Amino acid sequence: MIDYKNHWDKVYSGNEINKLGWYEETPLLSLDLIKSCNLKKDATILDVGSGASTLIKNLINDSYSNIIALDISQVALDRAKQLLTPEEAEKVKWIVDDVTNPVNLNQLGSIDLWHDRTVLHFLIEENQQQGYLKTLKKIVRKEGHVIIAVFSLEGAKKCSGLDVKNYDHKMIEEYLGNEFKLLKHFPYLYKMPSGDIRPYVYTLFKRTNP
């Protein structure tokens, strides 16, 4: 069994943030999807696998006030804080936890938005996938939104030395089940800092049943 915490600690310890294969200077697609949800500024937004994403700073700049950054790696979140001023970092709730088998996440109440760019596709074992889904269903409120972006069927088969599972929007829809309504989906060709192209699929869901 892979020690994911140790793996991601090493990845974030040994690389410059803006050279990581999933780095986005400005996460425009995620921001556009979040905007389309018409959330209140005090809505609870959970960024799953937040790592050293620039999304957090952009959400703060957009005046969202209830942001949670989740990652299995403490090193990743420490690096993420370096992208913010001390005052900005204090506005964020930082949680180190395994989304597939959480401890700290279980202390959260319900959330308004679940955002995941590039976590789900790393979960290749059935128990991991079911653990992720159980956590999602436990904390996303009715009428809440879910954004999931992963490698498409045409996308990479490995990333950061790990095998991945590829998806299309129908597979994600089936995975989440009939409690969630698919609102939007689209393919996206992401250009890595190295210049390589990686095909993604982006999806937006709304929870229609508790």
Side-chain angles (χ1 to χ4, degrees), residues 1-30 46-57 68-84 94-105 114-136 146-169 171-172 175-176 186-203:
M1 186 68 178
I2 298 169
D3 183 344
Y4 285 95
K5 184 182 187 305
N6 183 58
H7 176 86
W8 293 114
D9 280 347
K10 288 182 178 179
V11 168
Y12 280 98
S13 296
N15 294 278
E16 296 178 42
I17 291 172
N18 62 358
K19 298 293 175 58
L20 293 169
W22 49 92
Y23 176 80
E24 294 178 297
E25 186 172 346
T26 306
L28 292 175
L29 297 182
S30 291
L46 174 66
D47 187 26
V48 179
S50 194
S53 167
T54 57
L55 179 67
I56 300 299
K57 189 173 185 68
I68 305 166
L70 167 72
D71 205 282
I72 198 171
S73 167
Q74 179 69 62
V75 175
L77 294 185
D78 288 343
R79 296 291 298 275
K81 292 176 186 178
Q82 295 172 11
L83 301 175
L84 308 175
W94 306 91
I95 298 180
V96 178
D97 211 348
D98 179 354
V99 70
T100 70
N101 186 26
V103 176
N104 299 319
L105 266 184
W114 173 289
H115 175 270
D116 166 15
R117 178 179 177 270
T118 74
V119 173
L120 179 59
H121 62 215
F122 283 113
L123 308 180
I124 60 174
E125 302 294 338
E126 176 70 18
N127 66 313
Q128 294 175 313
Q129 295 162 9
Q130 291 307 309
Y132 175 105
L133 184 59
K134 181 179 178 181
T135 302
L136 185 154
V146 174
I147 296 170
I148 295 177
V150 288
F151 290 158
S152 71
L153 295 179
E154 297 77 28
K157 309 307 178 189
K158 293 181 75 75
C159 180
S160 190
L162 299 175
D163 291 329
V164 300
K165 178 175 180 177
N166 301 77
Y167 290 86
D168 62 18
H169 69 277
M171 293 168 65
I172 301 174
Y175 170 67
L176 292 182
F186 51 86
Y188 177 64
L189 295 178
Y190 164 67
K191 186 175 182 179
M192 300 168 61
S194 65
D196 292 340
I197 301 297
R198 285 197 163 162
Y200 276 73
V201 57
Y202 275 71
T203 59

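Values below: every heavy atom of this structure, side chains too, minus hydrogens, waters and symmetry copies. For the single chain, residues carry numbers from 1 onward in sequence order. Given the structure is predicted, the values throughout are model-derived calculations rather than measurements.
- Looking at Tyr132 and Asp116, their side chains come closer than 4.5 Å, going by heavy atoms from C-beta outward.
- Across every non-hydrogen atom of Ala80 and Gly51, the tightest pair is CB-O, 3.0 Å.
- Using a 4.5 Å cut-off on side-chain heavy atoms (C-beta onward), Ile72 and Val99 make no contact.
- For the atom pair CD1 of Ile124 and NZ of Lys165, the computed distance is 10.5 Å after rounding to the nearest 0.5 Å.
- In this structure, the salt bridge (Lys or Arg N to Asp or Glu O under 4.0 Å) partners of Asp163, at least two apart in sequence or on a different chain, are Lys158.
- For the atom pair CG of Leu176 and CG of Leu120, the computed distance is 8.0 Å after rounding to the nearest 0.5 Å.
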Check: Step by step, would you call Thr26 with Thr54 a side chain to side chain contact (heavy atoms under 4.5 Å, CB included)?
Finding: CA-CA 7 Å; Thr26 306; Thr54 57; 5.7 Å; no
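- Once rounded to the nearest 0.5 Å, the distance linking CG of Leu55 with CG of Leu29 reads 11.5 Å.
- Of all heavy-atom pairs between Asp47 and Ser50, the closest is OD2-OG, 2.8 Å.
- With rounding to the nearest 0.5 Å, the separation of CG in Leu70 from CG in Leu77 is 7.5 Å.
- Annotation: side chain of Tyr188 is not in contact with side chain of Ser152 (no heavy-atom distance under 4.5 Å).
- Nearest heavy-atom pair across Val119 and Gly49 is CG2-CA, 3.5 Å.
- Tyr200 and Phe151 have their aromatic ring centers within a separation under 6.0 angstrom.
- Looking only at side-chain heavy atoms (C-beta outward), Arg117 and Ser53 stay at 4.5 Å or farther from each other.
- Partners of Thr135 under the side chain to side chain donor-acceptor pair (under 3.5 Å) rule, at least two apart in sequence or in another chain, do not exist in this structure.
- Rounded to the nearest 0.5 Å, atoms CD (Glu154) and CG (Leu189) are 9.5 Å apart.
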Next item on the list: Might you work through the side chain to side chain contact (heavy atoms under 4.5 Å, CB included) test for Val201 and Ile172, ending with a clear yes or no?
Entry: CA-CA 10 Å; Val201 57; Ile172 301 174; 4.3 Å; yes
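- Remark: side-chain polar atoms of Asn104 are not paired, donor with acceptor, to backbone N or O of Asp97 under 3.5 angstrom.
- In this structure, the separation between CZ on Phe122 and CG on Leu162 is 5.5 Å, given to the nearest 0.5 Å.
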